[in-house]
Structure formats: structure tokens, C-alpha cells
Amino acid sequence: RISKDIKFREILTRILLIVFLIMLILNYKRILEYLYYLGYEYFNIRSRTLYLLINDLGHLSGRDSIYLTVFRETLKNPIFGLGMVGDRALMGDFGLYSHNIFLELISNFGIITGLFLSLLIVYLILSVLFLSDKNQYNLAIIWVSIGFVNYLFSGSILTDINFWIMLAIIIKIYVKNRRRLINGKER
């Protein structure tokens, strides 16, 4: 009897979750409009992100054409890429660059090396985000927020030190935890 009750509750919970997600998806624009209104009216907060999501979901401020141009040129030389700051040279002297860490790595180093570096960075970040040590986790999540997330949409790892600080901290935490596991001193 108990196992049937648990299965029924589990199934009911999943059905309710699916219904909730469907309702959320169907009403996302209204929810965003309400959040935008709530933030503006009560807290005097103007969110450009919410405004863009409400008015034009596909608005990338021209980044889509930058992505396409840099990627097409990288495909012409897939082994070596465009070289360091090749995306800037490609775009001319307008201060334009890849605006995406993965595209920047692939365009700078070529597809094979760029993908390898991209996967290595993602692996290192994910490996430290699942730590049981709260202090290490907190340090990692703060620096991932500062030194990685914004490079998915803007900025360049070549001109900002935050990425390199984040990478050094992530590598230090990773190596420390690997040594602890190898020596059998897991906390």
C-alpha cells in the first residue's frame, strides 16, 4: 500500500510539474511584462533584458551578424583559426570582437584547439560547482559569475583580467580536490 501511495504521489507531482511548465511557457510574455511593470512601478528598476525579452526575443544587438562573420572566416582556416585578436582584425578598427568566449577561443586557436579549450574550461567549471565544501563552492560560484558568465554574451578574455582570476581559482580548487581524492582524504 505504501509503495502505491508513493508512486501515485510521484506521478501526480510530475504531472503537476509538467502542467506548471506548460502554463509557464504559454504565458511567459505576460509573466515578463508583469515582472517588468512590478520592477519599474514599485522599485524604480528598469531592466533592459526584460524589455528586450518582452518586445523582441531575437534581439542580439547585432551580435548575430558578428557571430556569423567570425565563424565563417574561422571555417576558412579551421586548423589555425584567425590567430590572436583575429576577430578584431577581421571586423576592422571599430572595436568589434566576438562577444562570446567559445567563439573567441575557436576563432583565435582554430576549431580543434578552440573546442578542446572550451570543453576543458566547461569541465573545470562544472567539476568545482558540485563540491561538498561550501567555502570552495561559494568562492567558485562567485568567480564563475564574475569571470565567465558575462563572456557568453559580451566582453573578451583577452582584455579583462576577471576571466584569468576565475580560471586560476577554479584550477586551484580542482587540483586541491583531486589531490584530496587521490590521497583518500575526502571530507
Side-chain angles (χ1 to χ4, degrees), residues 28 32 35-36 39-40 43 45-131 133-178:
Y28 82 93
L32 291 176
L35 290 173
Y36 184 77
Y40 180 71
F43 302 107
I45 297 172
R46 295 182 187 188
S47 171
R48 178 178 177 262
T49 303
L50 284 179
Y51 177 79
L52 291 174
L53 287 172
I54 291 167
N55 293 307
D56 184 9
L57 191 59
H59 182 72
L60 292 173
S61 302
R63 286 180 175 88
D64 50 345
S65 63
I66 293 171
Y67 297 158
L68 191 58
T69 302
V70 171
F71 191 71
R72 280 185 181 159
E73 287 300 314
T74 303
L75 287 178
K76 291 179 183 176
N77 194 356
I79 304 298
F80 298 109
L82 305 174
M84 295 299 284
V85 299
D87 54 344
R88 288 167 169 74
L90 173 68
M91 302 307 278
D93 193 25
F94 303 110
L96 297 176
Y97 52 92
S98 296
H99 284 85
N100 179 283
I101 184 172
F102 301 120
L103 183 58
E104 184 174 4
L105 289 170
I106 290 169
S107 68
N108 286 343
F109 298 106
I111 293 175
I112 295 169
T113 307
L115 279 175
F116 173 75
L117 291 171
S118 297
L119 292 172
L120 180 62
I121 291 167
V122 169
Y123 171 76
L124 288 170
I125 289 172
L126 290 177
S127 68
V128 299
L129 291 182
F130 293 102
L131 295 174
D133 184 326
K134 290 290 184 197
N135 292 329
Q136 288 182 352
Y137 171 80
N138 289 338
L139 180 64
I141 197 73
I142 288 168
W143 276 101
V144 166
S145 299
I146 294 169
F148 180 73
V149 173
N150 61 311
Y151 298 113
L152 295 172
F153 306 104
S154 187
S156 171
I157 62 171
L158 299 175
T159 60
D160 195 352
I161 197 167
N162 289 334
F163 170 77
W164 301 103
I165 294 171
M166 183 264 328
L167 190 60
I169 290 170
I170 296 295
I171 290 172
K172 176 66 176 171
I173 292 171
Y174 177 79
V175 169
K176 184 178 179 182
N177 282 289
R178 288 291 293 179

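Please read these numbers as outputs of a predicted model, since none were measured by experiment. For the single chain, residues carry numbers from 1 onward in sequence order.
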For I157, does its backbone N or O pair with a side-chain atom of W164 as donor and acceptor, under 3.5 Å? yes
Would you compute the distance between atom CD1 of I171 and atom CG of L120 and round it to the nearest 0.5 angstrom? 7.5 Å
Looking only at heavy atoms, which two atoms of T74 and G81 are closest? And how far apart? CG2-CA, 4.4 Å
Listed partners of F71 passing side-chain contact (heavy atoms from CB on, under 4.5 Å), at least two apart: L75, L103
Can you tell which of I141, D133, I170 makes a side chain to side chain contact (heavy atoms under 4.5 Å, CB included) with V128? I170
Restricting to non-hydrogen atoms, name the atom on N177 and the atom on Q136 that form the minimum distance, rounded to 0.1 Å. ND2-OE1, 2.7 Å
Between CG on residue L105 and CD1 on residue I111, distance to nearest 0.5 Å: 13.0 Å
To the nearest 0.5 Å, tell me how far L152 CG sits from I101 CD1. 7.0 Å
What I want to check is whether the side chains of E104 and S156 have a donor and an acceptor closer together than 3.5 Å. yes
Pairwise side-chain contact, V122 with F102, heavy-atom cut-off 4.5 Å (strictly under): yes
Hey, what do you get for CD1 (I169) to CG (L139), rounding to the nearest 0.5 Å? 5.0 Å
Check this for me: L126, atom CG, are more than 12 non-hydrogen atoms of other residues, nucleotides or ligands nearer than 6.0 Å? yes
Identify the heavy atoms of F109 and G114 that sit nearest to each other, and give their distance. CB-N, 4.1 Å
Rounded at 0.5 Å granularity, tell me how far OH in Y137 sits from CG in L129. 6.0 Å
Between I121 and F163, which heavy-atom pair has the shortest distance, and what is it? CD1-CZ, 3.7 Å
Check against side chain to side chain contact (heavy atoms under 4.5 Å, CB included), I146 and I165: CA-CA 10 Å; I146 294 169; I165 294 171; over 6 Å; no
Drop me the distance from N162's CG to W143's CH2, to the nearest 0.5 angstrom. 5.0 Å
